[in-house]
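This report refers to the structure that appears directly beneath it.
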Protein chains: 4
Amino acid sequence: MIHFLLIDCPDEPGLVYRVTEVLYRHGLNVLRNGEFVDRHDQHFFMRTEFDGPCEPEALLQELRAALPPTARVRLRNDQPRRIVLLATKEHHCLSELLVRHFFGQLHAEVLAVISNHDTLRAITEKLGVPYHHLSAEGLSREAHEAAVLTQIEFYQPEFVVLARYMRILSSEFVAHFPERLINIHHSFLPAFIGASPYAQAYERGVKSIGATAHFVTDQLDQGPIIAQSVIPTDHTQSARDMAQAGRDVEKLTLARALTLVFREQVAVHRNRTIVFE
Amino acid sequence: MIHFLLIDCPDEPGLVYRVTEVLYRHGLNVLRNGEFVDRHDQHFFMRTEFDGPCEPEALLQELRAALPPTARVRLRNDQPRRIVLLATKEHHCLSELLVRHFFGQLHAEVLAVISNHDTLRAITEKLGVPYHHLSAEGLSREAHEAAVLTQIEFYQPEFVVLARYMRILSSEFVAHFPERLINIHHSFLPAFIGASPYAQAYERGVKSIGATAHFVTDQLDQGPIIAQSVIPTDHTQSARDMAQAGRDVEKLTLARALTLVFREQVAVHRNRTIVFE
Amino acid sequence: MIHFLLIDCPDEPGLVYRVTEVLYRHGLNVLRNGEFVDRHDQHFFMRTEFDGPCEPEALLQELRAALPPTARVRLRNDQPRRIVLLATKEHHCLSELLVRHFFGQLHAEVLAVISNHDTLRAITEKLGVPYHHLSAEGLSREAHEAAVLTQIEFYQPEFVVLARYMRILSSEFVAHFPERLINIHHSFLPAFIGASPYAQAYERGVKSIGATAHFVTDQLDQGPIIAQSVIPTDHTQSARDMAQAGRDVEKLTLARALTLVFREQVAVHRNRTIVFE
Amino acid sequence: MIHFLLIDCPDEPGLVYRVTEVLYRHGLNVLRNGEFVDRHDQHFFMRTEFDGPCEPEALLQELRAALPPTARVRLRNDQPRRIVLLATKEHHCLSELLVRHFFGQLHAEVLAVISNHDTLRAITEKLGVPYHHLSAEGLSREAHEAAVLTQIEFYQPEFVVLARYMRILSSEFVAHFPERLINIHHSFLPAFIGASPYAQAYERGVKSIGATAHFVTDQLDQGPIIAQSVIPTDHTQSARDMAQAGRDVEKLTLARALTLVFREQVAVHRNRTIVFE
């Protein structure tokens, strides 16, 4: 079985040598290896993809012994991640993920879709995923978030993905999912933080629009960026035209970010991501 | 001789018909034609490139008679524009423009380079352009700007181009050059307004960096955007690496913007540009 | 109702004036207008999008009277086009089109999917479109094509789209659908014509891969190109990795090409397309 | 002093471990490390950038002892490479390299420019580089190549760069510079091999044009590709317009390829490149 090993620790000489020594001694077949040293912080990052009969407990123990005491070591197999999707009314990101899931191309099992509207029930259920409509009407934000949280927790997902979920989440909600809550923002962050980024982009007269997939933190649109893409626009596009044109870049940017996260290609350090591609 | 005609006015039916009727009657050979209606403002824009024996006065008079009274009509021939470049220490944008100028590919005559440092004298003079070093040392901003302004006015340029000029200009200075002062900002505006955009980009952990060419107004980095481009970056690049990688996109974005402006392909309306490509 | 007018004819002075005069006289509201003159062939192209009460017969008659006798004039309203999709086993292009269709974003009514395999029945039927499995096993190419043709003709589509249909079509088949048969080829044509373009790309060691949407003619992969896109690749990608990475660019390139064609933004002239964007 | 180490050999377990063990024992400070295994050929590639007091002979001896007998090991310091440029009449690639060289940003010392025309003498000499005009008029290809070769050999360069040199070189000439002769081809190879690629691109009606930097081998335009880029084009561009638009992508693609090669980031294997970025 294939495993992904993700390590980070303060940099010091010989780290690659020590890690690869352990893997070599265990007879593991390294498929891909990547290292990175953040010179600014003197911090070391390493990702290894290996095949072979792995005894996780023994391996982790030896790796920890070979590394500085503050090292973080993450070892996961390549089983699909368990995820829940949140959506509102726009279908493009949700459909993209559901279709990939339907054909086994998402590296994840979509356990359920939760939405504050009933609009996307048909596509979700046709593609074989349970749909929960939890309306926010007449509820306080706290009450609605509590309902959503209860529904999520029922499924015990590893990750929660905001596939154009149009409600701002409280810090309390976000705190349940550290580095496990992923959003797609429909602008090239940090440009156009907050609501209606395409309207802002139109108003400013920019010549490119974009999308940003990021981990959600308690600072709105300020979490670590996983992936970004842009496409050209021009004066002929209204804010509405931009929103239409932006759909494709949003859905692909989100799908790419999820692939990176689900295959343990993303480390987070000081609100920035190290992405092993 | 080739002429460029640029028209804008409130939209109403039959404008294209009326303009082309005048051109047809004058026996002019239309090479390219572009129209755009801003639906939001109900405002009409048209650019025409034509060849043939043109009597400017008569033509303008008839065009104005055919158009609404508030129409703006601009008619220019395709002679090179007269320009002055301002620079500081970084050479890449300046070199790009000087080399194009040297080979007659800038659609402009570079009358002079003015810099607050002496660093770029050699490349400028080798490529046949006068260089004026106007140091800001020991001078108030007002006094330095007055010196720069005097030197610019000596040349009577049509446009002034900031080719990585690293001083912030006062509103008074800017007011001398409405829609005639062009800057290259080394970020994808409106992200990272102000100083050290690459340092800001590194800190934020973005996955793309960019450049923005824009007309300068009295609002810092807020003027009408003419052209923007982005290139990918990642966690391996320090702020300094980004600055190096960004040079190429900066110089090409600025050169492209100038070509558009010098060939009358850019109209400005409510702090946005309409670009006829 | 919105109409699209597409005109082409040998160039001569005054054509824009004459066309806009007719439209103005009919009181039509021009939404967008585009003209292009191919200087090489001295051929004129014009596309107009207009709104208002249109009497097609009278309008066409007057336009033809105002234009050279060999002019081609095409007038269509903005009703969804009637189309049939052909596919084989790969789902990504088909799914993309079916999802857009499901949400009314394809500018077309998908009448049916026809495939030489049964693999994609589930996604097609779940998304509400009839699926016809016409196996080629044990049939001559002629016999299989005859069966496919009969099935297509049952639906009387305006366009037939090859959404990764993996069989080469005979000239006889192609001749039934002049400028009405659209294919997505998984390379940046004319590089890698024919079978297994990703294997060819891997072998050649290219640094970018791409996709090409084109009208099908009787010359394999030589028809007029409607849209092309590329994405970077590198030495780390096997032919199989490239094929996976290429899916997204294929499906978006095909979807974009169809939008252009269905909204009458594409004229064909001497095996090249003029695309009004 | 910084050194670049480039290794390739048949893959086997423990290679990274063995190499990093040697470097660790020598007390060298690894700045960047990259590994790649070509699964198709079971071939291993590794590039390491390190700092520290290096004894090349001892280090190479120990590395060779630690590696399979057929391993290729290349160790170079980061001194500028010695290069000669060949050009014809078009300036854009040559100017780009000369300006970078003038400001010390090419990672190379340009020893001379050799051209079959005298057109580019001024820019070359102004930027401080000797210019040799070796006309081909009245000479056989053999005689002209012999003259060029003699001039090149006078300078003993490590690399020869064809900066839009418009003559086809014989296999005999090419054989003098294995993996040391770099060309920029003005198309997205393998599309439009041979002469006048922009004319071919116009004729075919492609929607993107590009540039390819590659090592020259005795097969015309078939050598290992180092870097490629594309830009969009459309029906409005004539072959001449494409050639103008293509200049920027050509010069940047060539400059990027040279940076990669000069910093030992490029390995060649079976006519493909492995590029460590």
Side-chain angles (χ1 to χ4, degrees), chain A residues 34-40 43 45 187-193 197 200-215 221-241 253 256-257 260 266-277, chain B residues 34-40 43 45 187-193 197 200-215 221-241 253 256-257 260 266-277:
Chain A
E35 307 104 37
F36 171 66
V37 176
D38 182 331
R39 293 286 150 209
H40 194 263
H43 203 82
F45 301 85
S187 88
F188 185 77
L189 287 175
F192 311 129
I193 286 175
Q200 293 183 55
Y202 172 81
E203 193 62 35
R204 182 64 189 89
V206 291
K207 301 303 183 190
S208 306
I209 50 176
T212 304
H214 62 99
F215 289 111
D221 297 334
Q222 302 276 2
I225 294 170
I226 306 164
Q228 291 190 300
S229 302
V230 295
I231 51 170
T233 185
D234 62 27
H235 62 274
T236 65
Q237 293 199 304
S238 66
R240 218 193 121 172
D241 295 333
T253 303
R256 186 156 59 90
L260 293 169
V266 182
V268 175
H269 183 66
R270 293 179 182 267
N271 209 45
R272 301 167 73 243
T273 59
I274 286 80
V275 178
F276 291 99
E277 282 188 280
Chain B
E35 306 105 36
F36 171 66
V37 176
D38 182 330
R39 292 286 151 210
H40 193 264
H43 204 82
F45 302 84
S187 88
F188 185 78
L189 287 175
F192 312 131
I193 285 175
Q200 294 182 56
Y202 171 81
E203 194 63 34
R204 182 62 189 91
V206 292
K207 301 304 182 190
S208 305
I209 51 176
T212 304
H214 62 100
F215 289 111
D221 297 335
Q222 301 277 2
I225 293 170
I226 306 164
Q228 292 190 298
S229 302
V230 295
I231 52 171
T233 185
D234 62 27
H235 62 274
T236 66
Q237 294 200 303
S238 66
R240 219 194 120 167
D241 295 334
T253 303
R256 186 156 59 88
L260 293 169
V266 182
V268 175
H269 184 66
R270 294 180 182 266
N271 210 45
R272 301 167 74 242
T273 60
I274 285 79
V275 179
F276 291 98
E277 281 189 283

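As a basis for the values below, the full set of heavy atoms in this structure was taken, side chains included, without hydrogen atoms, waters or symmetry mates. Just so we're clear, the structure is a prediction, and the values are computed from it rather than from any experiment. In what follows, chains are A, B, ... by sequence order, proteins preceding strands, each numbered from 1.
- In terms of heavy-atom pairs under 4.5 angstrom with chain B, the leader among A/Thr236, A/Val230, A/Asp234 is A/Thr236.
- Checked against a 6.0 Å centroid threshold, the rings of A/His40 and B/Tyr202 count as neighbours.
- Taking CD1 of B/Ile209 as the reference point, atom CD of A/Gln228 lies at 11.5 Å (rounded to 0.5 Å).
- Both the backbone and the side chain of A/Gln222 come within less than 4.5 Å of a heavy atom in chain B.
- Ranked by heavy-atom pairs under 4.5 Å with chain A, the first of B/Ala191, B/Pro232, B/Ser238 is B/Ala191.
- Residue A/Ala239 does not touch chain B at all, counting heavy-atom pairs closer than 4.5 Å.
- Qualifying side chain to side chain donor-acceptor pair (under 3.5 Å) partners for B/Ser208, counting only residues two or more places apart in sequence or in other chains: none.
- Closest approach of A/Val206 and B/Pro190 over heavy atoms only: CG1-CD, 3.9 Å.
- Across A/Arg272 and B/Gln237, no two heavy atoms sit closer than the pair NH2-O, 4.5 Å.
- In this structure B/Phe188 satisfies the ring-ring contact (aromatic ring centres under 6.0 Å, His included) test together with A/Phe188, sequence neighbours excluded.
- Here B/Arg204 is the residue among B/Arg270, B/Arg204, B/His269 with the most heavy-atom pairs under 4.5 Å with chain A.
- The minimum heavy-atom distance linking B/His235 with A/Val275 is given by the pair CE1-O, 2.9 Å.
- Residues B/Ile226 and A/Lys207 approach most closely at O-CE, 3.7 Å, considering heavy atoms.
- Heavy atoms from other residues, nucleotides or ligands lying under 6.0 Å from CZ of A/Arg39 number more than 12.
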